[in-house]
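Remarks on the structure that follows.
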Amino acid sequence: MEEISEIIHVPMEDEQNVFGQFDAHIKKLERQLGVSIVDRDGQVRISGGRAQVDRAKAVIRELTEFSMRGNIIEEQNVDYAIAMSMEENDDVLLEIDKDCICHTVSGKPVKPKTLGQKQYVDAIRDNMIVFGLGPAGTGKTYLAMAMAITAFKNQEVERIILTRPAIEAGEKLGFLPGDLQSKVDPYLRPLYDALHQIMGAETFLKNMEKGLIEVAPLAYMRGRTLDNAYIILDEAQNTTPAQMKMFLTRIGFGSKVIVTGDASQKDLAPGVSSGLDVAIKVLHNIEGITFCKMTSKDVVRHPLVQKIVKAYEDYENNPRNRSGNHGPDKENGRMRRGKGTGYGKKQ
């Protein structure tokens, strides 16, 4: 294969951001695209095969423009830009970057970071009920909270209601101390964390005292009609079909509902159907209800989380791993008997 070299310009003020600490971003580009990249005072020389050089050039140009817009380039941005270039889908980062939902209390903009997240945010804007489905780290709850807080600040709704089923994640927590609110708070902690980060603790507490923001377990929703509210049901995979039906029939006029869940992380008792699974089957043809499915490509936590999610997806999608019999002492669904040991027989 014939090698070529091309030079592109990266402004000095953006060079450190594009190259990353200890040139980590550029080393990743070299490794994944099979090119050699050398910088000489803002003149970046890319060497390699024609296709690889073109791809690397497109990614560096995209990252440079991303940096010039005032963004801090993170490892996830580099990974996503490379992945999109492999699919010949250039400038996706720049297109997504135009959509700023709101700013956190520290001034950091909240934006979708992947195509899946962008489609999710657009679906929330355009539909009354949206189901955000996908693995951990895809921003389902955080983006939903950002959209709710933005709508509340713009006076599009009168209040925000956040709820999730109070169910242990595989551990029995026993009798927790304190009053009723203290007992349910640990289950709702992730929702409080997002509210504090986007809205600020003081503003959140002030609105909570006025009853304009409510964070409550799902059981508190029964018998209510929720008008002019932004309602978010988190961890919906842990609802029963009856709970999901109860929740969805609370919706009143002027309300918007977001249901988030990850079907691969159920904490329900064995044999209990998930309300999320049933809702997907029952509601998929109803106009005004949209299902947004995100994948491991949309994970925006540490890059290792993306690899973990992908590994679990591959494992669970392999038919050989679905029998549920993976124990070392089981074979064909029956216990093995030791030969000549008398195991399982009378001596």
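Quick caveat: nothing in here was measured; it's all calculated off a predicted structure.
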Checklist entry - Is any NZ, NE, NH1 or NH2 atom of the basic residue among E235 and K140 found under 4.0 Å from an Asp or Glu carboxylate oxygen of the other? => result no
Item to check | Listed partners of F66 passing ring-ring contact (aromatic ring centres under 6.0 Å, His included), at least two apart | outcome: none
Checklist entry - Does the salt bridge (charged side-chain N to carboxylate O under 4.0 Å, His left out) test come out yes or no for E74 and K113, once each step is laid out? => result CA-CA 11 Å; E74 298 171 352; K113 294 184 177 181; 3.5 Å; yes
Item to check | More than 12 heavy atoms of other groups within 6.0 Å of Q43 CD | outcome: yes
Item to check | CA sep, side-chain torsions, deciding dist, call: E87, M84, side chain to side chain contact (heavy atoms under 4.5 Å, CB included) | outcome: CA-CA 5 Å; E87 297 176 12; M84 289 297 100; 3.7 Å; yes
Checklist entry - Is the number of heavy atoms from other residues, nucleotides or ligands under 6.0 Å of K206 NZ greater than 12? => result no
Checklist entry - Would you call K28 and E75 a salt bridge, taking side-chain N to carboxylate O under 4.0 Å as the test? => result yes
Item to check | R69, CZ: over 12 other non-hydrogen atoms inside 6.0 angstrom | outcome: yes
Checklist entry - Judged by modelled atom types alone, do T138 and D298 share a side-chain donor-acceptor pair under 3.5 Å? => result no
Item to check | M221 and L218, any side-chain heavy atoms less than 4.5 Å apart | outcome: yes
Next on the checklist: Can you tell whether the side chains of E95 and K98 come within less than 4.0 Å, N to carboxylate O?
Outcome noted: yes
Checklist entry - Would you call K118 and D122 a salt bridge, taking side-chain N to carboxylate O under 4.0 Å as the test? => result yes
Checklist entry - Is any NZ, NE, NH1 or NH2 atom of the basic residue among E65 and R61 found under 4.0 Å from an Asp or Glu carboxylate oxygen of the other? => result no
Item to check | Whether Y192 and F204 hold their rings parallel, tilted or perpendicular, with breakpoints at 30° and 60° | outcome: perpendicular
Checklist entry - More than 12 heavy atoms of other residues, nucleotides or ligands under 6.0 Å from CZ of F291: is that the case? => result yes
Next on the checklist: Can you confirm whether more than 12 heavy atoms, excluding those of E13, are under 6.0 Å from its CD atom?
Outcome noted: yes
Item to check | Over 12 non-hydrogen atoms of neighbours within 6.0 angstrom of CD in Q21 | outcome: no
